[in-house]
K.L.:
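Handing you a structure now.
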Amino acid sequence: MRDTYCGTIRKEHVDTTVTLAGWVFRRRDHGGLVFADLRDVTGIVQIVFSPEISKEAHERAGDIRSEYVLKVTGTVRRRPAETENPALPTGEVEVYVSDFEVLNTCKVLPFQLDDEDIGEATRLRYRYLDMRRPEMQKVFIERSKAYTVTRDYLLSKGFYEFETPLLTKSTPEGARDFVVPSRLNTGMFYALPQSPQLFKQLLMMSGFERYFQIARCFRDEDLRADRQPEFTQIDIEMSFVDREDVMNVNEGLIIALYEALKGRKPPEVPFPRMSFAEAMDRYGSDKPDLRFDLPIVDMTHIFQKTEFGVFKKTIEAGGAVKGLVLKGKTLSRKDLDVSVETAREIGAGGLVWIRMDADRALQSPTVKFLSDVEKSQMVTLFSMEPGDVLFIMCDKKLRVSELMGRFRLYLGEKYDLIDKSLDKFLWVIDFPLLEYSEEEKRYVARHHPFTSPKEKLAGFNGDYDAILANSYDLVFNGVELGGGSIRNHRTEDQAEMFRLLNIGEVEAADKFGFLLEALEMGAPPHGGIAFGFDRILMMFLGLGSIRDVIAFPKTQKGSCLLTGAPSRVGPRQLAELKIRTVSD
RNA sequence: GGGGUCGUAGUUAAGCCUGGUUAUAACGCCGGCCUGUCACGCCGGAGGCCGCGAGUUCAAUUCUCGUCGACCCCGCCA
């Protein structure tokens with residue numbers, strides 16, 4: 001139908017005849033001369049309808065409207081001097097139309113493709129139009145490239161690509177499952193996979209040694225700017241490896257993706273590492289953003305004998321007092337009030353601020369409750385200078401770290417401390433194996449129940465919080481890109497884990513029996529990792545939302561504005577499934 | 001489950017706090033003019049359930065409550 005793509009035409013094509021196909025992006029009708037920008041997937045070229053070339057084509061050009069689909073034949077000409085457009089790669093040339101065909105007309109669109117400020121709801125309702133925009137096309141062309149880079153890299157490292165079932169078994173741990181009724185098995189349900197976790201482990205038991213899958217995963221949890229109910233993971237599993245092996249191979253993958261998408265090398269290789277404990281202590285987060293420093297400092301020792309009620313009570317209850325100092329910014333009383341308000345919104349019980357004024361005196365509503373020793377220790381600990389503001393919170397140890405971590409991010413954003421030109425990768429390692437679930441009143445796996453501990457657990461009966469896992473997360477600019485672990489490959493180790501999780505033998509056999517059975521039949525040592533593919537794209541392309549890298553994403557309430565999913569199904573469908581809905 | 005922001009021509013916004021006019025603008029759309037534009041320009045025109053429902057009021061786009069939808073966050077997301 002065509003012989004040349006719009007965006008590829010250059011001055012080398014001058015005097016040749018080309019046949020193009022594409023959409024009318026913009027039209028500039030001067031009466032005697034009509035210009036239009038013709039757009040295809042490669043870009044834009046200006047076409048000219050002139051009566052001197054074809055009276056007939058020029059006449060018909062008056063009826064052309066935005067987004068009409070055209071097939072155009074014409075001659076490439078150098079643009080006259082002073083009319084070149086340096087903003088376009090094709091700006092030195094234009095195509096004089098000798099003949100054209102309207103392949104399709106177009107209604108007036110619900111929004112203009114060149115308008116930058118269209119509301120997201122409208123864009124999602126007409127996503128296919130939204131995706132016509134060159135900047136959106138660029139994202140999905142990059143996404144396509146990322147699939148290829150991933151496959152090329154992993155295949156070159158001896159990995160085999162697999163597909164695993166989407167209709168699978170509901171598992172008790174972890175995220176809420178999406179559930180699919182089985183017509184052939186009345187009252188039974190499949191679950192969509194939260195990840196291919198168990199299958200990839202089984203493939204290790206099959207002896208493939210290196211597995212990967214670009215896998216769709218489903219989690220029925222509430223959405224966020226970086227969370228969709230269905231998303232894509234680069235899922236990886238390897239046999240006969242330790243933690244270092246997995247991290248090394250996957251660091252290579254991430255570097256390859258970074259280079260492909262950002263066009264430069266990562267700033268720091270190998271990626272630095274930090275223990276979970278240090279991340280929590282210093283940055284109040286298991287995914288610290290290292291683009292700015294602002295460390296959190298434990299101040300509990302200063303207040304061991306304090307008369308200040310809130311600190312005193314917290315410390316007596318085994319909690320901690322933590323602070324961080326904001327330097328070199330001038331904060332007004334209003335700013336300080338706002339920060340207190342923000343701390344409350346973050347979930348803190350309160351926030352103490354202490355500002356050093358020009359004559360080195362400490363100003364704060366709290367200062368009168370503090371002793372001179374406490375004050376001077378604080379000043380020394382934080383090397384406080386005039387203008388500096390010290391922010392302090394107290395709470396249970398882990399809780400106060402988390403709160404300060406959130407507050408640190410708030411300050412970083414608000415006072416522009418984050419150097420957005422930096423990219424900071426970080427491996428976080430030595431996570432706790434378990435964490436206590438207030439909701440379930442028991443310990444649950446922090447990563448997942450198949451994660452192996454760093455030390456053998458046999459007969460363990462000590463502090464559950466102190467057990468470290470053989471796991472690792474990769475963090476980029478404060479966002480978790482992925483994580484994984486070395487798994488338990490021996491039945492007795494896995495049984496020990498279930499014991500700690502308070503999952504009985506009967507329940508374990510019911511839910512994961514097939515895996516436990518497989519472990520008994522020569523399971524090799526193995527471990528793996530999974531990366532959020534969408535998140536990697538979002539971060540490396542510098543976009544603000546995971547929806548920006550998913551072709552047809554869901555809204556925060558999980559609906560698709562384009563198709564109207566989810567929707568009711570007919571009574572016949574429900575009857576076949578023997579499902580009745582209840583309204584209450 | 002909870003907190004917050006928003007909803008006004010096709011689109012993006014202003015007006016609302018402090019109730020009363022023909023609800024304003026830009027882009028888009030329609031008609032006309034225009035041979036060097038590229039966000040073309042100039043002249044003219046059409047276009048509104050002010051998300052929906054209730055309440056307060058002589059009077060509601062404006063105030064109150066509810067509801068629906070979009071977004072951000074907490075909880076949740078092994």
K.L.:
Check whether any side-chain heavy atom of A:Leu515 sits under 4.5 Å from a side-chain heavy atom of A:Met205, and report yes or no.
P.N.:
yes
K.L.:
Under a 3.5 Å cut-off for both contacts, is B:G69 paired Watson-Crick or G-U wobble with anything, and if yes, with which nucleotide?
P.N.:
B:C6
K.L.:
Determine: side-chain N/O of A:Arg65 to OP1/OP2 of B:C30, distance under 4.0 Å, yes or no.
P.N.:
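So the side-chain polar atoms of A:Arg65 do come within 4.0 Å of the phosphate oxygens OP1 or OP2 of B:C30, strictly under.
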K.L.:
Would you check if A:Leu198 and A:Thr171 make a side-chain contact, meaning some heavy-atom pair closer than 4.5 Å?
P.N.:
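They are in contact (side-chain heavy atoms under 4.5 Å apart), so the answer is yes.
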K.L.:
With a 4.0 Å cutoff (strictly under), does any side-chain N or O of A:Thr122 reach OP1 or OP2 of B:A70?
P.N.:
no
K.L.:
When both hydrogen-bonding distances must be under 3.5 Å and the geometry is Watson-Crick or G-U wobble, what is B:C77 paired with, if anything?
P.N.:
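For B:C77, the partner nucleotide comes out as none, under the 3.5 Å rule.
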K.L.:
B:U37, OP1 or OP2 - any side-chain N/O from A:Arg28 closer than 4.0 Å?
P.N.:
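False: A:Arg28 side-chain N/O out of range (4.0 Å or more) of B:U37 OP1/OP2.
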K.L.:
Name the pairing partner of B:G20, where a pair is Watson-Crick or G-U wobble with both distances under 3.5 Å, or state none.
P.N.:
B:C58
K.L.:
Which part of the nucleic acid, if any, lies within reach of A:Arg344 when heavy atoms closer than 4.0 Å are counted: base, sugar-phosphate only, or nothing?
P.N.:
nothing
K.L.:
Between B:C72, B:A70, B:C27, which one does the side chain of A:Leu561 approach most closely?
P.N.:
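Of B:C72, B:A70, B:C27, B:A70 is nearest to the side chain of A:Leu561.
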K.L.:
What nucleotide among B:C71, B:C38, B:G36 has an atom nearest to a side-chain atom of A:Gln556?
P.N.:
B:C71
K.L.:
Stacking between A:Phe35 and B:U37, defined as ring centres under 5.5 angstrom apart with planes under 30°, is that present or not?
P.N.:
yes
K.L.:
Do A:Glu230 and A:Arg216 sit within salt-bridge range, that is, some charged N less than 4.0 Å from a carboxylate O?
P.N.:
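Answer for the salt bridge query: yes.
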K.L.:
Among A:Arg133, A:Lys138, A:Gln137, which residue satisfies the side chain to side chain donor-acceptor pair (under 3.5 Å) criterion with A:Glu135?
P.N.:
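Of all the options given, the one that passes is A:Arg133.
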K.L.:
May I ask you to verify if any side-chain N or O of A:Arg26 is less than 4.0 angstrom from the OP1 or OP2 atom of B:C40?
P.N.:
yes
K.L.:
Compare the minimum distances between each of B:G10, B:G36, B:C74 and the side chain of A:Arg224, then state the nucleotide with the smallest one.
P.N.:
B:C74
K.L.:
Using a cut-off of less than 4.0 Å, is there contact between a side-chain N or O of A:Ser50 and OP1 or OP2 of B:G36?
P.N.:
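For B:G36, OP1/OP2 do not have a side-chain N/O of A:Ser50 under 4.0 Å.
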K.L.:
Using only side-chain N and O atoms of A:Arg125, determine if any of them is under 4.0 Å from OP1 or OP2 of B:G10.
P.N.:
no
K.L.:
Consider the side chain of A:His30, meaning its heavy atoms from C-beta on, and name the nucleotide among B:C34, B:G75, B:C77 that approaches it most closely.
P.N.:
B:C34
K.L.:
Taking the side chain of A:Ala175 as its heavy atoms from C-beta onward, which of B:G36, B:C77, B:U11 lies nearest to it?
P.N.:
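The closest nucleotide is B:C77.
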K.L.:
Pairing donors with acceptors under 3.5 angstrom, does anything connect the side chains of A:Thr164 and A:Lys200?
P.N.:
no
K.L.:
With a 3.5 angstrom cut-off on both distances, give the Watson-Crick or G-U wobble partner of B:U11, or none if there isn't one.
P.N.:
B:A26
K.L.:
Do any side-chain nitrogens or oxygens of A:Gln46 fall under 4.0 Å of OP1 or OP2 in B:U37?
P.N.:
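For A:Gln46, the contact criterion (side-chain N or O under 4.0 Å from OP1 or OP2 of B:U37) is not met.
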K.L.:
Could A:Arg446 and A:Phe431 be counted as a cation-pi pair, given that NZ or CZ must be under 6.0 Å from the ring centre and within 45° of the axis?
P.N.:
no
K.L.:
Which nucleotide, B:U11, B:C72, B:C34, lies nearest any side-chain atom of A:Ala225?
P.N.:
B:C72
K.L.:
Could you work out the separation of B:C68 and B:G53 based on their P atoms and round it to a whole Å?
P.N.:
15 Å
K.L.:
Side-chain N or O of A:Thr555 less than 4.0 angstrom from OP1 or OP2 on B:A70?
P.N.:
yes
K.L.:
With a 4.0 Å cutoff (strictly under), does any side-chain N or O of A:Lys557 reach OP1 or OP2 of B:G69?
P.N.:
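Yes, such a contact exists.
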